[in-house]
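Single-structure report; data block below.
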Amino acid sequence: MTTYASPIGSSLKRVDGPGKISGLEKYAADYYPDNFLWAGAKRSDHPHALIKEIDISPVRNLPGIFAVLTHEDIKGANRVGVPEMDQPVLADRKVRYKGDPVVLVLAENKTVLQEAIDKIVIKYEPLPAVFDPEAALAENAPLLHENRNDKNLLLGGRVVRGNSIAAMSECDAVAEADFQLPWQEHAYLETEAGVARVDEEGILAIIASTQTPWRDRNELAYALGWPLDKIRVIAPYLGGGFGGKDGITVQGLLGLAALHSGGRPVKMWNSREESFLSSTKRHPGRVHYELGCKKDGTLYAMNCRIVLDTGAYASLGGPVLALAMEHAAGVYRIPHALIEGFSVYTNNPVGGAFRGFGAPQVLAGLEQMMDILADKIAWDPLAFRLKNAVMRGDETGAGVWMSNSTAIIPCLEKLQEHPLWTSRQAWVSQAPPFKLRGVGIAAGLQGTGYGPMVADIANAKIELLPDGRFRIYSGVADMGQGNNPTNVQIAAEVLGQTADCFELIQPDTLQTLPSGSSAASRTTYSYGNALKAAALQLKERILTRACNMGMGLYAEDFLLSSGRLNHLPSGREIPLGLVAASMRPEERVSIYSYTAPVNRYPDKINPDIRAAGFPHRVFAFACHLARVQIDELTGEVEISDYLAATDAGKVLNPQLYEQQVQGGAVQGMGYALWEDFKLDRGELMTRNLATYILPTSMDVPDILSIAVESVEESGPFGMKGIGEIVINLALPAIANGIARAVGQHIFKSPLTAEQLLLILEKRAAE
Amino acid sequence: MSQVFLPHTLEELWTIKQENPAALIMAGGTDLLVKIRDRKLPPAVILALENIAELRQIERQDGEICIGSMVTHQQLLDSPIIQTQLPVLHQAVAVLGSPPIRHMGTIGGNICTASPAGDTLPPLYVLNAGLELKNAATSRLLPIQDFIQGPGQTLLGSNEILYKIRISIPAPHSQGFYFKVGQRKALAIAICSMASLLQFAEDKRILEGRFAWGSTGPTVMRFPEVENTLIGEKLSPIILGRLGQSMAALVSPISDVRASAEYRRLLASKLPLKIWQSLI
């Protein structure tokens, strides 16, 4: 047993570790129920086409084929998605991207499944397609969804503060640039997977790799026309999610299959190629900035135009845009600002939630603008940021109040005094032959929670078991970040227990309570708040019951510790099991509902944007530094050193915190340098991990993490979300370092070696 | 996949092959199995060579090193003979794939796959490696550059296997170099690679310089007429830069999902300077 002074603040061993390492813990992909059928989809090979005919006759009598299903077999609305339900489970009238599922096959094994998928013939009438969001906004562009008033515009809106057009002309220095941001693939280890079955009582039970078990249940009931109370969704530990499982992936197809399998279980597990083809991506986009300041270094005006490509279906393309707009002025006070945003349908793969949720795109642009503008007025880039950074009580240029803990200035100061920053000139001047060196920084923020889109509610449940141990019913899926092990830590702190006094139930709509998604940097913040209160309530109940039982006069005379109560005045020790035995089952269960706070101030933004989640109240902050070395002979970039200073409030578990910093920074490095998702007229060119290049351990440096621990008064034990802020700044920090090394900014990312060498060659020729 | 044969001797191998003429010969499987998974090859009968002990030896005989075709990249990496006598090959296997691939993949498989991006190929070209091919009745010896005809195309007969790779130990005062540009530092396919073997005289002038380029044409490429311009020169950034310029005009790269032809050509012109970068 691990001994520790206090669970909160210690690197308590993850309770999920042994099960995962030994392989005993089952992920959704690990389930192989008896007598199961494989399900798989035949997908569209057209980016935009009418379905003229689906011919399943070549496979109807194929041995091993159990069922072949089309949209005609769906009893419900055949639409999933949130907030806009526009995505068919199986395409009905037309297909909107290369990868849209059209036919679902159930087969005895994978070989015959593939054979059937190959043999089914779908006749299409191709329609004009559109692959560029700007072109999709044009008057005569082909329409993805015909009946929308806004045509291909999923969501548009603006934030206006002061008069940025007039103010720009009053600036002493103005910089302008247009940034191109790429798709990013989540590339989680566990591709989309699950099993489903309808039991004798008509309960459709789905075990799926999902971040959103409760939302899935609602969507499935609507799409498949099956009663909500007859759907059960279970979310085991996920093998990664990053936002890619924030909503329906295979669940719709699985549910449909289970409704047509004669009671047999069905299983789906996407290959990596099918995952690339069918999953959501980080929204690619164009971000145009104009940023102006006074000669004393004060930021004065900003114009920003954001265009995101949301692909064929809405997914979370509206909320992602709203969040991009909210973060578009970063951590700076800017009195005059105009932020325009457009989230646009195209015949490309679907853009959806991805760690950072719109913030990485805008911060990539803004933080390079800060360097460009600092250079124009000959300011040190770090001093320039410090001069304009927000403090608590300030408003950002996007009109977002910093109403809660705000420690971006301490983050910047940590960087300013760090040797990696102070010794940068010497390091740059010592570059070896044929190498160029540069040091870049970037600062930013990330909202915690949903904002005013839907209420951010978590319902915690904890039970004192008859044997005196405790069971936590985790309401939020754990996609690997460790929020559910952290639940043990929180309850252990409140109840004075050691970790081995707990068992954990993973999210299950039958057993645990609706607590929202594993998303928005809100898992531990929202559920932790609820669990802390539920545990406190249970503790009070236990102490009171001990008094009830005549074991003492006052609740405060009892000390609750591992498995027991100590009555301090008498020195008596009472096993918790004894107290539990005196309680009725319903008394042993404590539930608590927590709603995260949001800021409401309606005047500066239009209602559509607000409804998509603008603004947040609680923010995490960070400042990253990258030392980069470019090989002049190949264009290859080496990140020599990397430092992240993060304010995510108090640290509950230093090891999990650092794990997030490292994982997020590396995923951000991939976004910055290597992950070049290529499409050619809607057709995937980078189909798998052989051509879509993720960084390996050989490609990334050691990452130094400094925790700047503000105390967030609204968070459990002073914490706020760490999950997303960690990814936002690698691209701009690295890009700024490269710009200092090369002598020019590069506006198209990723900053591949090829792009760099061609630029270096061009500069040499000039 | 219907059947996998794992013969222990060459005699067994010939018999099985005779009875299953369509069987696919598998060395390490790191290319073959991927092709079958991608349905670029049918799921055929597989004839795996991994249990044939005589194909797994690295031997030094007089001035020659013989490497069995089933020697894995990891064996090459761990071999003191390769490290000390054939450093150019050693450098190449150090950056080939990843540890799992190096433990499965073999030098013979790398040669017979005949990808212009194969990491062992440029070193074997500059080493003037000879390939001993065997069938049930006879054996023959072919220089590697004659054996490989194009991407995936070799002169391997349908009843033949690659038996051994024979390499003369480079002359004293030789130095080998291998440089590879991939899309990342590990698990990367070469976008452009270059092997070089330089033999120096006492006064540091170049007696012989050999250069082979990978991923810049249908096969690994050497240009003796350009190599000859180095004879009698001393190494300098100027002559290496000039050599690169000449080479870049001769290579014939293609554009694909990994890199454009323009980038590959540019890399071909720059890679000789890597020699200078590595020496100072």
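The chains referred to below are lettered A, B, ... by the order of the sequence lines, with proteins before strands, and numbering in each begins at 1.
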- prompt: Are Glu636(A) and Lys185(B) close enough for a salt bridge, meaning some N to O gap below 4.0 Å?
  reply: no
Check your understanding: Going by an N to O cut-off under 4.0 Å, is there a salt bridge joining Arg39(B) and Asp118(A)?
Key -> yes
Under a 4.5 Å heavy-atom criterion, the part of residues 753-764 of chain A in contact with chain B comprises Ala753(A), Glu754(A), Leu757(A), Leu758(A), Glu761(A)
Filtered by a 4.5 Å non-hydrogen cutoff, the part of residues 662-671 of chain A contacting chain B is none
Whatever's closer than 4.5 Å to a heavy atom in chain B on Asp631(A) counts as side chain
Rounded to the nearest 0.5 Å, the CG atom of Leu673(A) sits from the CD atom of Gln183(B) at a distance of 12.5 Å
Under 3.5 Å: donor-acceptor pair, side chain of Arg184(B), backbone of Leu694(A): yes
Checking heavy-atom separations under 4.5 Å from chain A, one finds in residues 267-280 of chain B Leu267(B), Lys270(B), Leu271(B), Leu273(B), Lys274(B), Trp276(B), Gln277(B), Ile280(B)
Max heavy-atom pairs within cutoff under 4.5 Å with chain B, candidates Thr686(A), Thr752(A), Thr634(A), Thr696(A), goes to Thr634(A)
**Message:** Atom CD of residue position Gln153(B) - does it have more than 12 heavy atoms of other residues, nucleotides or ligands inside 6.0 Å?
**Reply:** yes
Do the non-hydrogen side-chain atoms of Asp38(B) and Glu273(A) ever get within less than 4.5 Å of each other?
-> yes
The complete set of ring-ring contact (aromatic ring centres under 6.0 Å, His included) pairs with one or both residues in residues 241-266 of chain B, sequence neighbours excluded, reads none
Of Cys192(B), Ser260(B), Gly244(B), the largest count of non-hydrogen pairs under 4.5 angstrom with chain A goes to Ser260(B)
